[in-house]
Amino acid sequence: MRIVALAGGIGGARFLRGVQAAAPDAELTVVVNTGDDITLYGLRICPDLDTVMYTLGGAIDEQRGWGRQDETFVARGELEAYDAPAAWFGLGDRDLATHLVRRQMLDAGFPLSQVTAALCVRWQPGAALLPMSDDRVETHVRVRTDSGERVLHFQEWWVRHRAALPATAIVAVGAESSAPAPGVLEAIAAADVVLLPPSNPVVSIGTILQVPGIAAALAARPVVGVSPIVGGAPVRGMADACLTAIGVETSAEAVGRNYGPDLLDAWLVDTADAGATVPGVRVRAVPLLMSDLAATTAMARAALELAGA
Ligand code: FO1
């Protein structure tokens, strides 16, 4: 069975571990959001690609959900001592090697998709990780501050300000002129099922859907989504701040309707949201808290069953 999943960071990566456990013989391709990517100190940091790679590669810090286990932040401390402008971003010492190798390969002319494949040789994630595009797409957020409106890179809004500054617009800069990375459309066309994990529906899944060609390719395949909102609140992260910015209510039903029947064939919601309806989409309620691998595996199995796969 060929499965394609679109994924962002922590929630998506965790769910994918359940997919691998539920369908160990499946061929899994993960199309990963790169709108979160940021250039700092000359390094190209790809949070969602690295979070999926480390999580499926068994190296993720389980408590943080991002970065490496057994990580240290000595270099980060030195940057703070220099009062470096981006010291607010937590660059781990082990994680730095990933960014240095990526920078070196990008400077040598390798596209991000080939850099990702090279990094995955070490981590063996058990899935093909594809950036949504090899072209630069960056999520920027227009925020309201006391001194008026400003535009921030998503990471500065998300990490430095914990998404606490009210966002009036979220823009995937460059998306309209980007192309799907090699293999993305082919994987979707060949997929028996496409899964939308409980990633951030705006800045993760939503950004991937803005790469020209991807939404149309998905419309031709069976797509099952998993709600990232349980009981009116995000399970983790700050998806509510993103949903508010685009005028969507923070509910499983509203997110499912926002994806819509052109994209979704079925929508998994938590038992707390069992009454949710999405016109034109089959809705099923199962426990959606990824408390451990068994729970996540059960969610993935429910999604695959819902797809009739
Ligand atoms: N998230 C934080 O909340 N604080 C950080 O300092 C931080 C550093 C960081 C470094 C590398 C990396 O791959 C991810 C990192 N993240 C951090 C997570 C990241 O900002 C978000 O998880 C994603 O961009 C959202 O999907």
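One is the number of the first residue; the rest follow in order along the sequence. Quick note: numbers below take in every heavy atom, side chains included, and nothing from hydrogens, waters or symmetry partners. For ligands, and for the atoms within them, numbers begin at 1 and follow the listed sequence.
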| query | Short list, please: which atoms of ligand 1 are under 4.0 Å from a heavy atom of D95? | reply | 11 (C)
| remark: min-distance protein heavy atom vs atom 4 (N) of ligand 1 -> V159 CG1, 3.4 Å
| query | Ion pair present between D50 and R102, side-chain N to carboxylate O less than 4.0 angstrom? | reply | yes
| request: Keeping the roles fixed (side chain from W157, backbone from L165), state whether a donor-acceptor pair exists under 3.5 Å. | output: yes
| message | If you measure every N or O of R76 against every N or O of ligand 1, does any of those distances drop under 3.5 Å? | response | no
| query | Which atoms from ligand 1 have a heavy atom of D36 less than 4.0 Å away? | reply | 23 (C), 24 (O), 25 (C), 26 (O)
| said: When you compare ligand 1 with G90, is there at least one nitrogen or oxygen pair between them that comes in under 3.5 angstrom? | reply: yes
| message | For a side-chain hydrogen bond (donor to acceptor under 3.5 Å, both in side chains) check, start with the C-alpha distance between D95 and Y54, then their side-chain angles and the critical distance, and finish with the verdict. | response | CA-CA 10 Å; D95 195 33; Y54 291 154; 2.7 Å; yes
| field | Check: A190 main-chain N/O paired with R2 side-chain donor or acceptor under 3.5 Å | value | yes
| query | Hey, does Q69 have a side-chain heavy atom less than 4.5 Å from the side chain of I60? | reply | no
| field | Shortest protein contact, atom 21 (C) of ligand 1 (heavy atom only) | value | W158 NE1, 3.9 Å
| said: For A191, is there any backbone N or O sitting under 3.5 Å from a side-chain donor or acceptor partner on R221? | reply: yes
| Whether H140 and H153 hold their rings parallel, tilted or perpendicular, with breakpoints at 30° and 60° | tilted
| field | R162 near ligand 1 by a heavy-atom separation under 4.0 Å | value | yes
| Hey, is the main chain of S178 close enough, under 3.5 Å, to the side chain of R136 for a donor-acceptor pair? | no
| request: List the closest protein heavy-atom neighbour of atom 13 (O) of ligand 1: residue, atom name, distance to the nearest 0.1 Å. | output: P47 CA, 3.2 Å
| field | Residue Q155 vicinity, atoms of ligand 1 by number, heavy atom under 4.0 Å | value | 19 (C), 20 (O), 24 (O)
| Is it the side chain, the backbone, both or neither of N33 that has a heavy atom closer than 4.0 Å to ligand 1? | neither
| Would you say ligand 1 has an N or O under 3.5 Å from any N or O of D48? | yes
| query | What residue and heavy atom of the protein are closest to atom 17 (C) of ligand 1, and at what distance? | reply | W66 CE2, 3.4 Å
| remark: among protein heavy atoms, the one nearest atom 22 (O) of ligand 1 is I10 CD1, 4.1 Å
| request: Would you please say whether a donor-acceptor pair under 3.5 Å links the side chains of S251 and E253? | output: no
